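Working notes, structure below.
All values derive from a computational prediction rather than experimental measurement.
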Amino acid sequence: YFHDYLTSKEYRRKIDFSSGNTKKLLEFDQKAVAKLISTMPMTKWSGSSKGLISFDNNIFKLEFDVAPEDKEILYEMTKQICDYRLNRYFERKGNKN
């Protein structure tokens, strides 16, 4: 999903796949994409979460309990936040160019 999102629009490819080491990611490589995800969004989320989220040994974890009946709504909220942050990231980067 993440690779498809990054490569499905020309302006995203120009922004994130312009350097020599990222151009090779235009071709799907699961390990390389997983490494990219772990070094950017996951470490940024855990680092700015004030202890609510951790990312250690490639495990992304919520550091609080979620009631079973709230898991679906938490998933949807998290998905919306991810979509917003990705779109905002590319919007800002696109405006700089």
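For the pair L6/V33, no side-chain contact is recorded, criterion being any heavy-atom separation below 4.5 Å from C-beta on.
A distance of 8.5 Å separates OH in Y11 from CD in E91, rounded to the nearest 0.5 Å. Atom CG in L52 sits 13.0 Å away from atom NZ in K61 (nearest 0.5 Å). Summarising the geometry, atom CG belonging to L86 is positioned 12.0 Å from atom CD1 belonging to I81; distances are rounded to the nearest 0.5 Å. To the nearest 0.5 Å, atom CG of residue N87 and atom CZ of residue R12 are 6.5 Å apart. Considering CZ of R85 and CG of D83, their distance stands at 12.5 Å, rounded to 0.5 Å.
At a threshold of 4.0 Å, the pair E10-R13 counts as salt-bridged, since one of the basic side-chain nitrogens sits closer than that to a carboxylate oxygen.
Under the 4.5 Å side-chain contact rule for hydrophobic residues, F2 and F55 share a cluster. By the criterion of side-chain heavy atoms lying less than 4.5 angstrom apart, applied directly or through intervening Ile, Leu, Val, Met, Phe, Trp or Tyr residues, Y75 is not grouped with L62; the two fall into different hydrophobic clusters.
With hydrogens and angles ignored, the 3.5 Å screen pairs no side-chain donor or acceptor of D70 with any backbone N or O of V66.
If you chain together ILVMFWY residues whose side-chain heavy atoms come under 4.5 Å of each other, M77 ends up grouped with I73.
Heavy atoms only, all atoms of each residue included: I53 and F60 are closest at CG2-CE1, 3.3 Å.
Heavy atoms of other residues, nucleotides or ligands lying less than 6.0 angstrom from CD of E76 number more than 12.
Remark: F28 engages H3 in a ring-ring contact (aromatic ring centres under 6.0 Å, His included) (not counting sequence neighbours).
Using the six-membered ring where Trp is involved, Y5 and F90 have ring planes that are tilted, between 30° and 60° apart.
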